[in-house]
Amino acid sequence: MTTLVDMQGIEKRFPGVHALKSVNFELESSEVHALMGENGAGKSTLMKILSGIYKKDGGSLRVFGEEWELDGPRAAQDLGIGIIHQELSLMNELTVAQNVFIGREPRKMFGRLDEAALNRDTAKIFKSMNLMLDPRTVVGELTIAKQQMVEIAKALSYKSRILIMDEPTAALNDAEIAELFEIIRQLKSDGVGIIYISHKMDELKQIADRVTVMRDGAYVGTVQAADTEVSQIIAMMVGREVSNETVEVPDLSEAEVVLEVTNFNRGREIQDVSFSVKKGEILGFAGLMGAGRTEVARAIFGADPRESGEVRVHGTPCAISKPADAVRAGIGYLSEDRKHFGLATGMDVSTNVALASLDRLTSPVGVLREDEIRSTAQEYIQKLGIRTPSERQEVRLLSGGNQQKVVIAKWLYRDCDILIFDEPTRGIDVGAKAEIYKLLKKLASEGRAIIVISSELPEIMRLSHRIAVMCEGRLTGILPGGEETTQEDIMHLATLRKPAMQPGGQIQ
Amino acid sequence: MTMASPTTRQSVFSKLVDTGAHQKLLAFASLIILLIGFSIASPNFMQTSNMIAILQATSVNGVLAVAATLVIITGGIDLSVGTMMTFCAVIAGVVLTNLGLPLPVGVFAAIAAGAFCGLCSGTFVAKMKIPPFIATLGMMLILKGLSLVISGTRPIYFNDTPGFDAISLGSVIGDVFPALPIPNGVLILFLVAGGTAWILNRTVLGRYCFALGSNEEAVRLSGVNTDRWKIAIYALAGSIVGIGGLVIASRLNSAQPALGLGYELEAIAAVVIGGTSLSGGRGTIVGTLIGALIMAVLTNGLRILSVAQEWQTVVTGTIIILAVYADMVRRRKTA
Amino acid sequence: MTMASPTTRQSVFSKLVDTGAHQKLLAFASLIILLIGFSIASPNFMQTSNMIAILQATSVNGVLAVAATLVIITGGIDLSVGTMMTFCAVIAGVVLTNLGLPLPVGVFAAIAAGAFCGLCSGTFVAKMKIPPFIATLGMMLILKGLSLVISGTRPIYFNDTPGFDAISLGSVIGDVFPALPIPNGVLILFLVAGGTAWILNRTVLGRYCFALGSNEEAVRLSGVNTDRWKIAIYALAGSIVGIGGLVIASRLNSAQPALGLGYELEAIAAVVIGGTSLSGGRGTIVGTLIGALIMAVLTNGLRILSVAQEWQTVVTGTIIILAVYADMVRRRKTA
Amino acid sequence: AADKPYVPLISKGFSHQFWQAVKIGAENAGEEFNVEITFEGPDNEGQVDRQIDMLAAALAKKPAAIGFAAVDSQASIPMLRKIDEAGIPVIAFDSGVASKIPVTTTTTDNIAAAALAADKMAEAIGGAGKVAVISHDQTSRTGIDRVDGFVNRIAEKYPDINVVSVQYGGGDHLISTEITKSILTANPDLKGIFGANEGSAIGVVNGVKEAGADIVIIGFDSGAAQKEAVRSGLMAGAITQNPVGIGYETVKAAVMTMNGETVPPVIDTGFYYYDASNMDDPEIAAVLYD
Ligand SMILES: Nc1ncnc2c1ncn2[C@@H]1O[C@H](COP(=O)(O)OP(=O)(O)OP(=O)(O)O)[C@@H](O)[C@H]1O
Ligand SMILES: Nc1ncnc2c1ncn2[C@@H]1O[C@H](COP(=O)(O)OP(=O)(O)OP(=O)(O)O)[C@@H](O)[C@H]1O
Ligand SMILES: [Mg+2]
Ligand SMILES: [Mg+2]
């Protein structure tokens, strides 16, 4: 056991934000050191300093016992520090292999590329990850989940001695997470030190040796994962106890059917999907990555075309050809990919919150009611505890989780009576999660119909009044919510495949 | 609420950032420097008459640049402003001179023509998904040709429309304060700029203009009818170009069908010098105005210094690059 | 391995996408349609001599478009190709005629001059973070002026350099197969295009060209020295423009210092018609070639039909829009 | 040099050889009469407003007189009035200004010059057959006059000659070359082409060379390449005006006006037809320029 990294009293300021206040962190070889903290606590910033992307304003950074001033990503790489960024940073137009080896392409003479070797090496890495993915696939066509796997492969290809993983599992399902943990244990036994950031508490016990907790950019403490209760860690993070009550299914037999979807079809992504949601009901959608839940949601919302299928809202059929129609019909959709489909990241928080509701915030002549927009934004910043210096801050400068909260705020404010949440808690901390769960329940009890798509079974089971399960574009069953439904029941339906077919990127 | 204190500080700062004020300030700086420099270099530069000449030289390019700003903020680009201006001028000529209709009709016709052209470009871009560069390049050629066809390749004069030349040559301000006879053309530029700035910052249209440039897909998925808004923005830009057509026509008391090619680059240059990003999502009208002024001051000043014409272009190119570089440096400091 | 089937299907498709083959195909379609249309419209159109004339008319714009493609794939734009071409031609003139140095020196000088100009633009963009539009606009003006200054606003003739006009007018192919006397200018175009295509698809430089256009920040985070590569790409583009300068100079057997303005838009148009996206990351040389051919066929055909000049521009504009629209439709089908 | 009287010349164009020749003439006169000369013109002969901005800048420099070749005389009248009110004499050159303001106009009759070209063309092709015109500009005065002069004269005097095509290459050598070749393709039996300015004429020469055609070429203006073409017989002959003379006379007239001398209302600098036979005659050689 040698000390790989030793950071002491790290300071970092951004305009108006004191992101890191004298933070300490150290990493031993052959250990998995989890870094926990609420959204905006400063985890990613600390890691960006360690990987040479940000310059630290103060404090000392020692790697392999030597003091270093990292002046760029390359310097960190040369030291053997690899990082998987929280936000995907891939080149969508390039192939998977080209992405993995960007900057280190195998070359022949005169700067000629050795494409064959490139694909071969990539395939090797994928094999070691048991990832079935053609190295020549163009990244832009992959789902976020697969893109995340590519990021992981890329990080592994550096053969780093220090590997930073910033929320690598945010977009992954259990099977893939299990596979990732296998890889991590392997690396560990090879003496690699791993810094692991995640908001999924259950992962701690499985993988972490030590846990360092941050709050509001300050160092709170470091504990041994083995002999510390999760609740205690949560307390360290949030500064209070987080309630963990389970779902109580209301009696909806009398309730009106608000949304009715019948015979949806599109190629092999959506096959004859029909279901309905009642007033005040939370319908959970479970399934493996690639099950087609997002596709169904997008099709209902009119974001993607559909070959056949009818949507009835309050019993009346409505022709939805574009999202505008859906929103007019009272349907809201929170996308799973906030960066591309959820936010105008170049604009400030208040605009993003108001984006779906500007028509309500304008005078007849089209003049914006600026104050109302601002106050609304402030209201939601309070309600959802969005960490931002002000409602005028550009969203791209917010931490990942806080960005997600902004998207949620947008749809909450739009106030539709049918809300589809696709991975609503992706990258959101435990404290905020609990808040959002409360919110969803409140919305339901106020009489809205809610669909929650999530790859986290615990989340599904904790929220859903009924659980729809999809597999390869087919709706394989709808289970009742509450205690009597077990994870096993869901997984059974989620893997109820047509023979001789397996989903894309599924790990065997 | 430990965040409280930084919050307030930040919000002031961030207000600056997203109204792009620091860019304005800096663009301003380069403008001031130019003015001072030229005043020192030549006694003839800093005269009321010459300042007015500069403003007047700005008026047309300025109006076009304001129009271009709208389109550029949506993440597009408009290469057709130059020939569209000419087209609108020719339309005014046909209506007023060939058909002999009264002045207001001609004014309306020109602006309507611009709006219609904008509507077309907008439709090509929004509905037909043609890259703005190509859509407006096509429009540029089409309108160039049509102007020649409609006018019979000859200038159309407005001699039988009394008061037409007053549109840009008369001076409402001058009538009130004889001391500064600022021509109406300049007045129109500032009115148009003011109006557009108001639309950009205070109305839904403006807000969507920025949002589209920032992340169109996100806006669409927020249930906004992006196509319709985009078309509206192009149409608005077009009508502004129409006004530009009137200004130049009245200044030359004629519609010159061959005019307009090359004006688009100058307009876009003014926009970008003004700190508006060609990738869309951010930009300011004030910046654009300053950009246009910088270009006008530069050309005028170099002429006043009797710099040989071939050297004038060299210097202009260099200073444009330097001005924007200064802007970049400043921006990196603040960001 | 059950994934195999969908994967391979997708990968074949995706390969098509990133070599942009379907775009080529479609651009091809519009080209064929034009050729057929004109052949029907005029018996004089489809003759070997005229086809060669069209190819020759493509040569200069084609070379410039190839250069522009490189820059555009990185997500930039190059407005200076036109005047840079002239500048290189003038340099060649100075070296060969004024200094009377031997031909190879002149050729080298022209290409070196182009590379140097590219180096400058590249530095402005990469190091000084000036938007490509402004950096190259500045270069365009600077080079326009310098060409006039250096040449003393007079054309420089190559009368005392025997064999200079052979660079683009001679026909190596014709000497071998007298049947098709394709001028060297065309040969040079295809050689340049072939070389550039090879660089784009087979070398590290080409790889980074696409990568930069696709997501520069990601490339930087991967520890690549993005600035250096970007500069290299601009310099490469510049040297290609230098070749273009030689082709036009040898064709006119003179360096015309006033030439070049407006050529940049034509080059960029060819690139975009060829299916290269102005937002960077994807594009092909073949597409660009076809784009350039489409433009040349269009102009030539309309002239042969003796369409009135003013209508020629109208038709050109319309067809450019239609060609790209067809491309879009096709793309949405495949994607 | 500040004490020298200052005379700016605002021209229609700048980089075309014709205007460069005018510039030289003006500078020669500048030397001779000890006045400071500047010469400016818009990039292409359409940009009226640019020209007016140039006038404005010139006016700000408090010149002794202004030489002005109007792109569009009507359009520039308001500005000319301003100059007149400032008591600065205006000398029009190249093509006249439809106004009382200019004290004189040093001009040359483009219509008559082009008509002469038509006669020479007719003579060279034997009075019958197809001919074409390639001009530099569809809208500028010189462009219009030279095309009209040529076409009208053919129409009036030569019924058997038929102008099959008039196209415009913006004075760009390359574009004019392409146009020539397509005209030759479209009309294999073409007898001759008239290139209405230096760029167009050279374009025609190149195009004919490349197409390997054998037709009569009549050019306009001079310049090294055109002189060479005439000498080699490739070009039957060309019209040249006397741009150097125009520049010279303009400045001279300005100086005379400054000194209160009276100048004739019109100074015609004339035009000449030159071909291999006469181009070395002193009076022709004098008006040819490189
Ligand atoms: N470039 C930046 N400019 C300004 N503020 C920033 C910047 N990057 C981060 N911040 C701020 O610094 C704080 C810490 O951000 P960071 O991304 O490190 O949080 P995090 O712990 O990773 O949160 P999450 O779990 O949501 O990813 C946040 O308040 C964020 O708004
Ligand atoms: N952008 C895309 N391009 C091509 N195929 C896609 C894309 N997004 C999804 N797919 C395909 O559609 C199917 C379902 O996509 P997706 O993985 O989003 O479903 P999901 O049930 O929403 O899974 P998750 O929400 O966990 O990502 C998969 O076969 C996937 O490969
Ligand atoms: Mg983070
Ligand atoms: Mg999904």
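Numbers restart at 1 for each chain; the letters A, B, ... are given by sequence-line order, proteins then strands.
- Per-residue heavy-atom pair counts under 4.5 Å with chain C were compared for B:Gly75, B:Gly317, B:Ala308, B:Ser277, and the maximum is reached by B:Gly317.
- Across B:Glu310 and C:Leu148, no two heavy atoms sit closer than the pair CB-CB, 3.6 Å.
- For C:Thr153, the part lying near chain B is the side chain, with the backbone staying farther off; criterion is any non-hydrogen pair under 4.5 Å.
- The CD atom of B:Glu266 sits 9.0 Å away from atom CG of C:Leu137, with the distance rounded to the nearest 0.5 Å.
- For C:Leu79, the part sitting under 4.5 Å from any heavy atom of chain B is the side chain, from C-beta outward, and nothing else.
- Residue C:Thr313 holds its OG1 atom at 7.5 Å from CG of B:Leu146, rounded to the nearest 0.5 Å.
- Put simply, of B:Thr318, B:Leu322, B:Thr316, B:Ile319, the one with the most heavy-atom pairs under 4.5 Å next to chain C is B:Thr318.
- Looking at B:Ile77, the atoms closer than 4.5 Å to chain C (heavy atoms on both sides) all sit in the side chain, from C-beta outward.
- Counting heavy-atom pairs under 4.5 Å between each of C:Leu278, C:Val149, C:Leu261 and chain B puts C:Val149 at the top.
- Taking CE of C:Met140 as the reference point, atom CD1 of B:Ile320 lies at 9.5 Å (rounded to 0.5 Å).
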Show me the donor-acceptor pairs, under 3.5 Å and distance only, between side chains in residues 120-134 of chain C and residues at least two apart or in other chains.
from     : atom 1 : to       : atom 2 : distance (Å)
C:Ser121 : OG     : C:Cys117 : O      : 3.1
C:Thr123 : OG1    : C:Leu119 : O      : 2.5
C:Lys129 : NZ     : C:Ala126 : O      : 2.3

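- Atom CD of C:Glu264 is separated from atom CG of B:Leu265 by 6.0 Å, given to the nearest 0.5 angstrom.
- In this structure, chain C has heavy atoms under 4.5 Å from both the backbone and the side chain of B:Ala269.
- In terms of non-hydrogen atom pairs under 4.5 Å with chain B, the most contact-rich of C:Gly138, C:Ala135, C:Gly262, C:Ser279 is C:Gly138.
- Contact of B:Ser147 with chain C is not made at all, since no heavy-atom distance falls under 4.5 Å.
- Distance check: B:Lys144 NZ to C:Gln309 CD gives 7.5 Å after rounding to the nearest 0.5 Å.
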